[in-house]
Amino acid sequence: MALKDFLTVLDALIEQATAAFATAADAEALEAARVEFLGAKSGRLKAVQKDLGGVDKADKPAAGKRFNEVKQDLEALLAAATARLSGGGSTKSAEAAFDPTVPGARARLGHLHPITQTIAELCDIMGRLGFTVAEGPEVEDLWHNFEALNIPLEHPARDPLDNFYLATAAAGAGVPTGEGQWLLRSQTSTVQIRVMERTKPPVRIISLGRVYRPDTPDATHFPMFHQIEGLLVDRHVTMADLKSILHLFASSFFEDDVQVRFRPSFFPFTEPSVEVDMSWEGRWIEFGGAGMVDPNVLSAVGYDPDEVTGLAFGLGIERICARRHGIPDIREFFKNDVRFLQQF
Ligand code: FA5
């Protein structure tokens, strides 16, 4: 048999097989095509293989090579048609892979971090007392973190060991640049200044967010923590208002009649100043500082201290949250241990 004729037979075979495997509409038709083309005894490929023996000796290598290629192509066509009819795998293995009795994988739902939940609740409680939420930046300048809060240059609260000063600075028109001109805010009282600078009294705001101090972590301290700041400026605001607001706030948060106690203290931006303790379930805990806004601060933002007075307070949110849930160590909030977090 001439090589040319042998190759023509092979070409015709692959063409017809391609059509047959591609149009097989079900398993039965596919099996029929398989037997016709690849059947071990009387398949057409087998018949062509017999013709190979009659090809001239010199052409045998080329004829054999082409025969093997066509054989592989036919097997690939069969595999593709089988996969198509079983929807991706062989019919048998697809059936075996689906076992309706195997328990499903439970989808795990995330939820808000306990500190985020506490912040939302504090906003809600203070919102009912008429306070709106104000925001401020975490990277602050010296004016808002210190000077406007009556903390002059020589004051120990500005010590580099007590603050995170930044080595680089934002550049901008009229903005001081350079090392030590900016810091991560050490308290949310900065927002008092920002709000009063842009708002005429009366003012009734809270501000909540992260603050930063190089404190050594322990059960009640962390270098990054959250504060809630409250500020109320109006005519005739007094210490009695401060105490009743904090009492209402604490009683709502702890869902109990919480006692509030003031201890004399000092903050440069309030006069008088107090430490705020709250008693709940028989224990007193220090939650933050508070006081009447210092007249110097009111003047610094352009208010008239003879016209208006103000009260302000700043509380540590981790400590409030820990006390409420009986958590002995605030470092738990920052470990990101899911076994701890999923309890809230
Ligand atoms: C202040 O930060 C004042 N700005 C509060 C204030 C506001 C006074 C308005 C007057 C008027 P103090 O440094 O005491 O105050 O911090 C307030 C509270 O933040 C503390 O009582 C404590 O609950 C919490 N706190 C302070 N340092 C840490 C820390 N390292 N980790 C966690 N909580 C802290």
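First listed ligand is number 1; within each ligand, the first listed atom is number 1.
Of the protein's non-hydrogen atoms, the one nearest atom 25 (N) of ligand 1 is F225 CE1, 3.3 Å. Of the protein's non-hydrogen atoms, G289 O, 3.5 Å is the one closest to atom 6 (C) of ligand 1. Protein heavy atom nearest atom 7 (C) of ligand 1, with residue, atom name and distance: G314 N, 3.2 Å. The protein heavy-atom contact nearest to atom 4 (N) of ligand 1 is Q187 OE1, 2.7 Å. Annotation: atom 30 (N) of ligand 1 to nearest protein heavy atom, D215 OD2, 2.8 Å. Of all protein heavy atoms, the one closest to atom 23 (O) of ligand 1 is F287 O, 3.1 Å. Of the protein's non-hydrogen atoms, the one nearest atom 15 (O) of ligand 1 is F267 CE2, 3.4 Å. Nearest protein heavy-atom contact of atom 20 (C) of ligand 1 is E286 OE2, 3.9 Å.
Using a 4.0 Å cut-off between heavy atoms, V211 makes no contact with ligand 1 at all. When non-hydrogen atoms are compared, ligand 1 lies under 4.0 Å from the side chain of F269 (C-beta onward) but not from its backbone. With a heavy-atom cut-off of 4.0 Å, R319 touches ligand 1 through its side chain alone. In S189, the part holding a heavy atom less than 4.0 Å from any atom of ligand 1 is the side chain.
Geometrically, ligand 1 and G288 share a nitrogen or oxygen pair separated by less than 3.5 Å. Residue-to-ligand polar distances keep A290 apart from ligand 1: every N/O pair is separated by 3.5 Å or more.
For ligand 1, the atoms lying closer than 4.0 Å to a non-hydrogen atom of T220 are 31 (N), 32 (C), 33 (N). Of all the atoms in ligand 1, the ones that sit under 4.0 Å from a non-hydrogen atom of I330 are 32 (C). Per-residue contacts place A312 under 4.0 angstrom from the following atoms of ligand 1 (heavy atoms of the residue considered): 9 (C), 11 (C). Under a 4.0 Å criterion applied to the non-hydrogen atoms of T270, ligand 1 contributes the atoms 10 (C), 11 (C). Within ligand 1, the atoms closer than 4.0 Å to a non-hydrogen atom of G316 are 18 (C), 19 (O), 23 (O), 24 (C), numbered from 1 in the order shown.
Defined by atom type and a distance below 3.5 Å, a donor-acceptor pair is present between the side-chain atoms of Y212 and E138. For the 3.5 Å distance criterion, the side chains of R44 and Q16 qualify, holding a donor opposite an acceptor. Side chain to side chain, E197 and H144 meet the donor-acceptor criterion of an N or O pair below 3.5 Å.
Distances from ligand 1 to the non-hydrogen atoms of Q227 include at least one value under 4.0 Å. Under a 4.0 angstrom heavy-atom cut-off, I320 registers as lying outside contact with ligand 1.
The side-chain heavy atoms of V260 and D277, taken from C-beta on, include no pair separated by under 4.5 Å.
Between K335 and D337, no side-chain nitrogen of the basic residue sits less than 4.0 Å from a carboxylate oxygen of the acidic one, so the salt-bridge criterion is not met. Under 4.0 Å is where a charged nitrogen must lie from a carboxylate oxygen, and between E255 and R324 no such pair does.
Note that the CG atom of N145 and the CH2 atom of W182 stand 11.5 Å from one another [nearest 0.5 Å].
Note on ring orientation: taking the six-membered ring where Trp is involved, the planes of F266 and H155 are parallel (angle under 30°, cut-offs 30° and 60°). Ring geometry for F333 versus F340: interplanar angle over 60°, hence perpendicular rather than tilted (30 to 60°).
Around atom 1 (C) of ligand 1, the closest heavy atom drawn from Q192, E229, R213 belongs to R213.
A cation-pi arrangement, defined by a distance under 6.0 Å to the six-membered ring centre and an angle within 45 degrees of its axis, is absent between R213 and F164.
Taking the six-membered ring for Trp, H325 and F344 have ring centres closer than 6.0 Å.
Remark: the backbone N or O of L248 is not paired with any side-chain donor or acceptor of S251 at under 3.5 angstrom.
Following chains of ILVMFWY side-chain contacts shorter than 4.5 Å, one can reach Y303 starting from V297, so the two form part of one hydrophobic cluster.
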